[in-house]
Novice: 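The following block contains the structure, expressed as structure tokens.
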Amino acid sequence: MQNFNSQAAMDREFSPSIVGSAPHTPIRMNSIEEEEDAISPPFLAQQDSAITGTTVNSPMHVTKPLVFSTETPPGRRPNSFYSVQGGNDSSSSLVATKGFTFGGGSDNSTNDTQLINGPTSDYHTHSKKPSFKYVPAPKLPPMSRNRSPVRHNRSPSPERKSKRNSLLFEAPFNFSSSALQPPPLSGSSNNSGPSSGGTNGGSRSAMFRKGHRYKHSSVSMNFFQEPEVKEPLNIIKSLPVPDFKDLRNNLTWPLTHIQISICIVELLISIFIFNLGHQKGWNLLGTLCHFLTYDVLGGIFAILTELLAKFEIWKTGTITLPFGLNRIDVLLSFAFAISICFAGLDLIFHVLEEIAVLFAESSTADHHEEINQTIPHSHHTHLHQEQLISWYSVIILAATISFLSYSFIFKTTQYKIKNPLITLSYLFYMSLYPILSHYHRGWDMLATAVISSFIMSYGIQVAKWTSTILLMGFSTASINNTLLMDIASSDSNPNEVSERVLLKRSKSTLPIAAVQTENNQSASVQLDPSFVKSKIYDAILSLPLFKRTCSLKNNDLLFAKVNFQMFIVLIKIEMKNGSNDDELDLRLTIEKLVSDYVPNAETTIEIERM
Amino acid sequence: MVQTTDSSSNANTLLSRIPLTLLYPTLLLSNNLILTVHDDILDQSANHVPLLIQYLVLPIFASCLITLCSQVLRTFSNHALTLVISFLIIILNLFLGPVEASTVSVLLLQLVTASEYNLRKYAVLPLLSIGIDYYNNSLSFTTVLSYILILAIIFSSARSKKSLYYLDHIKVPKSALLSVSCISLVIMYLWVTLSTDNQTKITKINYSMLFVFLGCTLVLLLVCQDIKTTLDNQPFATVWQNQYSATIIGFMAMVLQYLSFNAISSSSKSDFLTAVFILISGILPSSLEYENQGYHPKEDENPDKHCQHQLNEHEHEHSHSVSTHSHTHDSKELLENEKEFLTTSKLLMSLATNKETKSIFSFLLLNSAFMFVQLLYSFRSRSLGLLSDSLHMALDCTSLFLGLLAGVLSKYPASDKYPFALGYLETIAGFTNGVLLIGIVIEIFIESFQRIFNPVTILGTTELLVVSILGLLVNVVGLCAFDHGHAHGEHESNDNMRGIFLHVLADTLGSVGVIISTLLTKIFKSQIFDPIASFFIASLILLSSLPLLKSTGSSLLLKVDDKKHALLKNVLNQIVSTPGVTGYTAPRFWPESTSGNSHGHSHGHSHTSSNSHEEENNHSHESSHSHTESPVEAKSKSNSSAKPSLVGYIHVQYIDGENSTIIKKRVERIFERANIKVWIQVEAQSSACWCRATSMKDQAIII
């Protein structure tokens, strides 16, 4: 008896502890719970209503602590005791504790609901008065528990709960097992649930528990078998997209803060440089300021993607976002590549304008000054000897901050555009400018044109590459090409093979842009997608398992890259006279083969048996 | 300007011809300005250029260049004829000056293609031009010579149509044209440099004008190609077989002349005579008769029917390609479009022939024509504001072109590199346009902030006003074209068109803003209005482009919308409740892009209907499993023609010992009913697969 009392006390402690822990748990927990409720309404709803009755010893509320703690008003508790005191052996609340009334459960249930509803409203009208009366009541439940034989095995263990809580603390958004577990049989019970147990929520769950308890009874055997049949669904129907608050709460302490402060400092510096350039009439600084601002924007996006990557939705496919939020990374890279192209084009236009001015000057020498003033962004910056110090100090300042942002933000993140490199190259040009401008204006224009064409080609390359992914094309940038090369060289006729190998050495800029994961050492070599595909196609066709009975059309082999990491491979095979085992063998072999060529691929092999 | 044509009274044809009225005079004017006397020489009227250079080398150069361009672009197939015609026109141009030459050349073309004409009435024109020359103090042999030349052409073409027939079939190799034009350019250059030896520079080659000339030629040829596609089976000659076309061209030439020289001619009397000349050119052709209808059998007799010929050739190629390609690719619904996408060389052709993008392509041409006009004017007036504006115009043209290109490319069939075809390309183009708009907005914001704190006095407000009003007109035409094009396509689904529309709208707003702020500045003499107006316009653009970015972005993230989400959920529930299935893993489904479908409306219908079928079948499914077979068959047949709403793959697990084929068939049927294109991997519950491996990080594992 003592033992039970202490246990009851522990049980009593549970709900407050959970309530206390609620602020620590991730913010999105509740919304997930709601989502899940929406998916599988009958079961959980019944649980909730059952909990209102037998909060203390119901094993179910272990799995749903948050719902319990948030949704059950404290006033409900006396309610159940009221029914206990009344000596009513209702099915919803007391069958579970007293037992052996399931035969007439359905009849009683209607009465129960009335009984429960009555006192509840009664209680509410009487405000707090009854709460005093029922304070000592917690002693009562153990009496009912005495009779439950299985009780010890199923005692709601505090360890389990604490484990779960700690899990939540460690990885706030790694929704694992219990929180997201849809009820078994959600699909079918959805249909049958409302009709059978819709009127009284309590009775069904009570019967379920009954089934658990009296597993030796012939009647309850049915209930026991039911949930085993179906495997739980391995898909989350939707995950919440984190909002700003979530992001703010999940900053990694030193790193993100450093990154953000670098961004802010860089922004301030760019504003300062802009003002300085305006004051002194150094128009080159205006362009530099543009690039710095691009750095800041890129940095903000990089930080954002890094933060987002911590959330479950980043990686996990849901129905709403089949490949997770991961593609945001690709999309942002693409947008940035486009804007970089825009910047490059802008520069080229300025050069063109200057050339036009040169033409105009050559014809009318006297209008020179007048025209020069009216150019909005002329790069014709006059530098005097004494101004060189401030010129170089500005360059050093900008170089420092952009190098910092490169090493802290862009190097560590997965972000595919390395903006600061552009800024640094422009700064390099600026440092040469005083020397260049001594000679001829043509040099200056030439250098600007070269830089802007470099920027544009870089931007176009990244845009091409990312847009291939956005179009769900077969981007071969991170394909394991060493294997392909081996196969190619080991082939019988090397000459013929070298003709077929359509290797494209990419430009020197691509290594910056390419994904540098561990498993592809030479990302700079790009392969022709058709070549890779034909290689894999040939490899599949030459499988001994395949040769006998199967056929595969070239069109039925699809490769696509859906984000920076993941490929999908879709294959449709026709098989004649195969057994289930043959099918399995073939599937596993092909899967192995494909994963050798294409890392991190999701392979789907549809086998049509004739 | 608007009444260029009444032949087809179609907005499309009208739109495609507007650039012609701009380009033709610009072409002639720029050609005349390639070789000019240096500004420093006071005696402008004196002839410093030797006749041989001016009237032989330069026309040869120009006509070779034009023919070369037309060969590269494949506008006209009969090279020799193009060469001769362009040579004659340019000679006329050099003899008479751009205003008269443009009018006379159009009249000449009318006469040559006419079946019946009264030449005596035209005697007024030579008299008028001699009068103009007389008051211009530039009376010379050239005028007389040019009219003699015209007469010779008319008679020779009337007499011996055979000779023209031969001309029609002579092919001139590209290399010859290139070398001839290069040689003539070198001769001109040498002459110009050698002639400086005497004293100061007398003449010069205007490279900027050369550039404008080249650009105009290219755009003009593109416009011709565009017009040919609108004409369908009519001969190309209908373009100028309009009573007023000469007048309109002449008027435009006069305006351009005025803009670039600030005068039409040197005296007011000759100005008046020029105006009369142009007016008369509108009256004279009223008696002309053309026999357009019965032309097909003897089309070769007419020098300018070559386009018709060319068009037939194209059709031949197309039909041929259809027959070859329909075998290799078995995509049934794209058959109609497919013929256009065989080679990249026909890309332009498909751009122009595509019904949806047709009007926008015309607008693109108009825009680029206007750009060249602006460029010419800015070079003439040395105004940098205009120069930067025309460069902005170039950016617009680029983005328009990219959008159009995306629209055409997106209908390409799937390839190894793009297994899901290029349907999302249009969305990407829309997104790109949105990003570019944001970039422009940011530029404007920075600029206007700068202007608020450091006001810049704007010089040359009148000129700015003229140009921005012209730009506004062009953009309004563009908006009309857009509306017209939109009447065919649907508004909401096509992000690409939305992006282009927003771009044009932004330009229009920009011109309006410039006009208003310039007027206010003129009235109140305060410089604050310019930044305020630009700020206001920038925020308007920003507000309109954000929704575009949002919608394109979410569809590029492959987001499944609520309707399809519900459909998919329903399907998944059905799969779970299918007997023998224990569960499924890795259901990844994404929406199929709509742009590949040319009929958006039918698509929408099929979608909703498939949804309702879904519901229906669901109910019947619950009641009895075996009964649903026959209606399902019928429905799946009706749905199979429609485009799938979703594409994706799924792994389905079944109880060990079940027949996988039957399970697969059942699941397949569920997807078929929902009109979802799917790859299904059916696997035994106990078998291994990556999708159920516990170590998979990317997968939410639920135990």
Side-chain angles (χ1 to χ4, degrees), chain A residues 177 180-181 187-188 190-191 230-237 278 315-317 319-323 325 327-328 331 335 338-339 342 345 349 352-353 356 359-360 363 371 374-376 467 470-474 529-530 533 558-560 566 570 572 580 583-584 588 591 602-606 609, chain B residues 39 208 382 384 387-388 391 395 416-420 422 424-425 428 431-432 435-436 439 450 454 459 553 556-560 565 568-569 573 576-577 582-590 622 648-649 651 653 660-661 679-681 683-685 687-688 690 692 697-703:
Chain A
S177 54
L180 280 166
Q181 180 170 22
S188 56
N190 260 355
N191 301 330
K230 304 280 181 181
E231 197 173 275
L233 306 181
N234 199 2
I235 180 78
I236 299 164
K237 306 234 171 177
H278 200 78
K315 283 184 202 157
T316 313
I319 288 184
T320 348
L321 291 166
F323 299 100
L325 267 184
R327 277 168 75 91
I328 277 189
L331 196 65
I338 293 293
S339 57
F342 179 67
L345 205 69
F349 277 173
L352 280 181
E353 265 177 31
F359 272 118
S363 56
I371 288 166
T374 50
I375 307 176
S467 67
L470 283 178
L471 285 170
M472 311 195 67
F474 186 23
S530 325
K533 189 181 158 177
L558 297 190
F559 295 91
M566 201 171 81
L570 303 173
K572 231 174 215 170
N580 276 4
E583 197 183 311
L584 178 66
L588 291 178
E591 216 176 283
E602 288 199 351
T603 321
T604 302
I605 303 161
E606 184 172 339
R609 291 243 294 268
Chain B
D39 295 336
S208 53
R382 301 214 178 83
L384 277 163
L387 186 67
S388 63
L391 288 179
L395 186 70
D416 285 348
K417 189 167 186 193
Y418 301 104
F420 297 103
L422 291 163
Y424 274 105
L425 198 65
I428 287 183
F431 185 78
T432 310
V435 170
L436 284 180
Q450 208 177 334
N454 315 289
L459 305 166
L556 282 179
L557 288 178
L558 302 178
K559 195 168 183 175
V560 177
H565 186 275
L568 195 55
K569 232 163 146 179
N573 282 338
V576 170
S577 56
T582 58
Y584 56 82
T585 44
R588 307 233 198 249
F589 292 92
W590 58 93
E622 274 168 33
Y649 59 93
H651 291 200
Q653 288 88 37
S660 67
T661 318
W679 280 259
I680 309 162
Q681 175 168 325
E683 49 198 25
Q685 200 180 2
S687 68
W690 57 264
R692 280 163 295 143
K697 317 193 284 286
D698 295 352
Q699 195 69 25
I701 303 297
I702 296 149
I703 307 146

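Each chain gets a letter, A, B and so on, in the order its sequence line appears, and its residues count up from 1.
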Novice: Find the one option among A/T603, A/L584, A/I328 whose heavy-atom pairs under 4.5 Å with chain B are most numerous.
Specialist: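 Highest number of heavy-atom pairs under 4.5 Å: A/T603.
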Novice: May I ask you to test the A/L558-B/W679 pair for a side-chain heavy-atom distance under 4.5 Å?
Specialist: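 Counting from C-beta outward, A/L558 and B/W679 do come under 4.5 Å.
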Novice: Of all of B/L558, B/T661, B/V435, which one pairs up most often with chain A through heavy atoms under 4.5 Å apart?
Specialist: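 Maximum pair count with chain A is reached by B/L558.
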Novice: Side chain from CB out, backbone as N, CA, C, O: work out which of these in B/F589 comes under 4.5 Å of a heavy atom of chain A, or both, or neither.
Specialist: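 B/F589 touches chain A through backbone heavy atoms alone.
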Novice: So, taking the atom named CD1 in B/I680 and the one named CD1 in A/I605, what distance separates them when rounded to the nearest 0.5 Å?
Specialist: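 Taking CD1 in B/I680 and CD1 in A/I605, the distance rounds to 14.5 Å.
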Novice: Of all the heavy-atom pairs spanning A/A560 and B/F420, show the shortest one and how long it is.
Specialist: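 Answer, listing the atom of A/A560 first, then B/F420: CB-CE1, 3.6 Å.
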Novice: On a heavy-atom basis, which atom in B/P419 and which in A/M472 lie closest, and how many Å separate them?
Specialist: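 Taking B/P419 first and A/M472 second, the nearest heavy atoms are CD-O, 3.7 Å.
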Novice: Rounded to the nearest 0.5 Å, how far apart are CG of A/L470 and CG of B/L556?
Specialist: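 Result: 5.5 Å between the selected atoms.
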Novice: How far does CD of B/Q681 sit from NZ of A/K572, to the nearest 0.5 angstrom?
Specialist: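 Here the interatomic distance stands at 13.5 Å.
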Novice: Output the distance between atom CG (A/L471) and atom CD1 (B/I428), rounded to the nearest 0.5 Å.
Specialist: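 These two atoms lie 4.0 Å from each other.
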